[in-house]
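Below, chains carry the letters A, B, ... as their sequence lines are ordered, and counting in each starts from 1. For the numbers below, each heavy atom of this structure counts, side chains included, while hydrogens, waters and symmetry mates do not.
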Protein chains: 2
Amino acid sequence: MLELAILGFLHDTPLHGYELRKRITALTGHVKPVAESTLYPAIKRLENAQLLERATQPGSVAAPRHVLTLTEEGGRELRRRLADPARRDITDENRWFTVLAFLRHLEDPEAQAAVLRRRLAFLEEPASFFYDGDRPLRAEELDDPFRRGILTIARATSQAELTWLRTTLDSLDAAGH
Amino acid sequence: MLELAILGFLHDTPLHGYELRKRITALTGHVKPVAESTLYPAIKRLENAQLLERATQPGSVAAPRHVLTLTEEGGRELRRRLADPARRDITDENRWFTVLAFLRHLEDPEAQAAVLRRRLAFLEEPASFFYDGDRPLRAEELDDPFRRGILTIARATSQAELTWLRTTLDSLDAAGH
DNA sequence: CGAGGATACATCGGTTCCGATGTATAAAAG
DNA sequence: CTTTTATACATCGGAACCGATGTATCCTCG
């Protein structure tokens with residue numbers, strides 16, 4: 001997920017690590033902070049895989065900046081990851097939001113719609129957090145107010161997202177004539 | 001988080017690893033599956049810390065079961081983790097839901113309310129995913145339909161949860177007279 | 001002019017995660 | 001009667017994560 005965010009931000013414009021960190025923090029930091037000790041190794045991984053290039057820009061501000069630029073292969077990799085996300089990227093909201101944040105980089109409306117449809121299919125599966133045997137329990141059936149809260153919140157999220165998904169899919173279908 | 005779920009489930013009743021896995025899968029598996037190779041080491045960690053005990057129950061079904069029982073120290077540790085969750089457990093929805101799923105084990109309504117209040121404070125912070133400088137952007141200001149979706153969904157979730165939090169806090173306050 | 005804070009990068013070590021793989025047994029299906 | 005599926009546990013190795021810590025510069029404010 002971190003790697004996707006790095007590729008996504010660099011697709012717009014070259015950045016150095018520190019600025020990248022600020023952007024990633026703005027995007028997902030309030031939920032899950034990004035440690036520098038996680039970011040720099042991730043940058044190195046992507047560099048080793050030749051998905052990005054590093055150009056040292058000496059002493060303009062403080063320590064010498066390493067400006068990171070996405071390579072062509074990096075751009076292709078970004079599009080691959082966006083077009084064909086792992087199941088976890090679809091089901092886990094944190095990951096899903098990261099996919100959504102950069103989905104516009106996947107230029108083809110059909111391909112974008114296909115990704116949204118995977119999320120739609122997931123949300124339409126009858127899943128709960130609590131079961132009586134195999135039967136999913138509804139909020140009303142729980143005594144525990146906290147567990148009832150989980151279901152209430154999840155249901156509201158799900159409703160809002162389903163509505164959004166359906167209207168967005170409609171307009172993507174219209175765009176893809 | 002996994003550890004919290006293990007402690008939480010064992011607080012109700014002793015279980016062997018495989019059954020534990022099924023319960024955790026029912027709880028959070030549709031979002032984030034639990035690998036056995038994550039579960040068993042986690043059990044071992046908790047056992048080494050003397051938070052749970054293992055009793056081998058030979059050949060009743062298939063392979064010999066290791067029935068896991070929470071120790072007294074394990075119960076205390078569960079309550080400690082519930083009463084004083086890390087910031088990440090409050091901000092990350094996946095983790096937060098796990099806290100909520102077991103919050104009833106924290107018997108004191110005041111203590112339960114204190115945890116909910118931390119989540120409330122977090123949700124009331126003016127946070128966005130996208131900024132113009134320091135100013136959080138609203139959904140309407142974004143061209144990108146996917147990013148607009150993120151904000152729309154996040155807002156709906158947040159509204160639903162705020163409503164639930166406030167009513168639940170009211171009734172907890174009433175219970176704690 | 002000295003202190004503090006922001007900028008910028010980096011490493012280290014411990015912990016955790018997880019896919020792949022292995023070993024058995026018992027029950028159900030064909 | 002044999003294959004498949006479910007039960008039940010376990011290890012290994014590579015990857016990822018992350019808190020702590022270190023280094024060095026520049027800017028601002030008192």
Side-chain angles (χ1 to χ4, degrees), chain A residues 1-7 14-26 28-29 31-49 51-52 54-68 81 86-89 91-92 94-95 98 133-134, chain B residues 1-7 14-26 28-29 31-49 51-52 54-68 81 86-89 91-92 94-95 98 133-134:
Chain A
M1 257 328 78
L2 182 55
E3 295 186 4
L4 184 64
I6 295 172
L7 297 174
L15 293 169
H16 55 273
Y18 199 77
E19 176 61 27
L20 199 46
R21 184 178 178 233
K22 284 200 293 187
R23 303 213 180 181
I24 296 172
T25 297
T28 56
V31 168
K32 189 170 163 14
V34 204
E36 294 201 350
S37 51
T38 308
L39 177 63
Y40 286 111
I43 289 173
K44 205 170 281 176
R45 281 200 299 278
L46 296 175
E47 195 192 0
N48 289 341
L51 304 179
L52 54 85
R54 180 189 301 243
T56 304
Q57 198 182 62
S60 66
V61 185
R65 287 174 168 175
H66 294 180
V67 177
L68 310 168
R81 292 189 193 207
R87 177 165 167 85
R88 297 271 296 277
D89 300 335
T91 61
D92 185 330
N94 293 163
R95 290 167 172 260
T98 307
D134 276 343
Chain B
M1 258 329 78
L2 180 55
E3 295 186 3
L4 184 64
I6 296 173
L7 296 174
L15 294 169
H16 55 274
Y18 199 78
E19 175 61 28
L20 199 45
R21 182 175 181 238
K22 284 199 293 187
R23 303 214 179 181
I24 295 172
T25 297
T28 56
V31 168
K32 188 172 165 10
V34 206
E36 294 201 349
S37 50
T38 307
L39 177 63
Y40 286 111
I43 289 174
K44 204 169 282 177
R45 280 199 301 279
L46 296 174
E47 194 192 2
N48 289 340
L51 304 179
L52 54 85
R54 179 189 303 241
T56 305
Q57 197 182 62
S60 66
V61 184
R65 288 173 166 177
H66 294 179
V67 177
L68 310 168
R81 293 188 192 207
R87 177 166 166 85
R88 298 269 297 278
D89 300 335
T91 61
D92 185 331
N94 292 163
R95 290 167 173 261
T98 308
D134 276 345

Name the atoms and distances for all side-chain donor-acceptor pairs under 3.5 Å in residues 36-44 of chain B, with sequence neighbours left out.
from	atom 1	to	atom 2	distance (Å)
B:E36	OE2	B:R21	NH1	3.3

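In this structure, the side chain to side chain contact (heavy atoms under 4.5 Å, CB included) partners of B:P14, at least two apart in sequence or on a different chain, are B:V67, B:T69. Applying the salt bridge (charged side-chain N to carboxylate O under 4.0 Å, His left out) test to B:E47 and every residue at least two apart in sequence or in another chain returns B:R54. For the side chain to side chain donor-acceptor pair (under 3.5 Å) test, residues two or more places apart in sequence or in another chain that qualify with B:R81 are B:E3, B:E77. With sequence neighbours left out, the side chain to side chain donor-acceptor pair (under 3.5 Å) criterion links A:D89 to A:R95. Under the salt bridge (charged side-chain N to carboxylate O under 4.0 Å, His left out) criterion, A:R87 pairs with no residue, sequence neighbours left out. Remark: A:R88 pairs with no residue by the salt bridge (charged side-chain N to carboxylate O under 4.0 Å, His left out) rule, at least two apart or across chains. Scored by the salt bridge (charged side-chain N to carboxylate O under 4.0 Å, His left out) test, A:D92 finds no partners at all (sequence neighbours excluded).
Distance B:N48 CG to C:dT16 P: 11 Å, rounded to the nearest Å. The interatomic distance linking A:R54 (CZ) with C:dA10 (C1') rounds to 10 Å, in whole Å. When rounded to the nearest whole Å, the span between CG of B:N94 and C1' of C:dC17 equals 15 Å. Between the CZ atom of B:R65 and the C1' atom of D:dA10 there is a distance of 17 Å, given to the nearest Å. Taking atom CD1 of residue B:I43 and atom P of nucleotide D:dC9, one finds them 7 Å apart after rounding to whole Å. Computed from coordinates, the B:L39 CG to D:dC9 P distance equals 9 Å when rounded to whole Å.
Taking CG of B:L52 as the reference point, atom CG of B:L7 lies at 7.0 Å (rounded to 0.5 Å). With rounding to the nearest 0.5 Å, the separation of NZ in A:K32 from CG in A:N94 is 7.5 Å.
In this model, the phosphate group of D:dA10 is not approached by any side-chain N or O of B:Y40 to a distance below 4.0 Å at OP1 or OP2.
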Strictly under 4.0 angstrom, non-hydrogen atoms only: write out the protein contact profile of nucleotides 13-21 of chain D, one letter per nucleotide from the 5' end, B, S or -. ---SSBBB-
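Using a 4.5 Å cut-off on side-chain heavy atoms (C-beta onward), B:L2 and B:V34 make contact.
Of the residues in residues 15-26 of chain A, not one places a heavy atom less than 4.0 Å from an atom of DNA chain D.
Overall, the helix from C:dC1-D:dG30 to C:dG30-D:dC1 carries an axis bend of 40° between its ends, with five pairs at each end and the value rounded to 10°.
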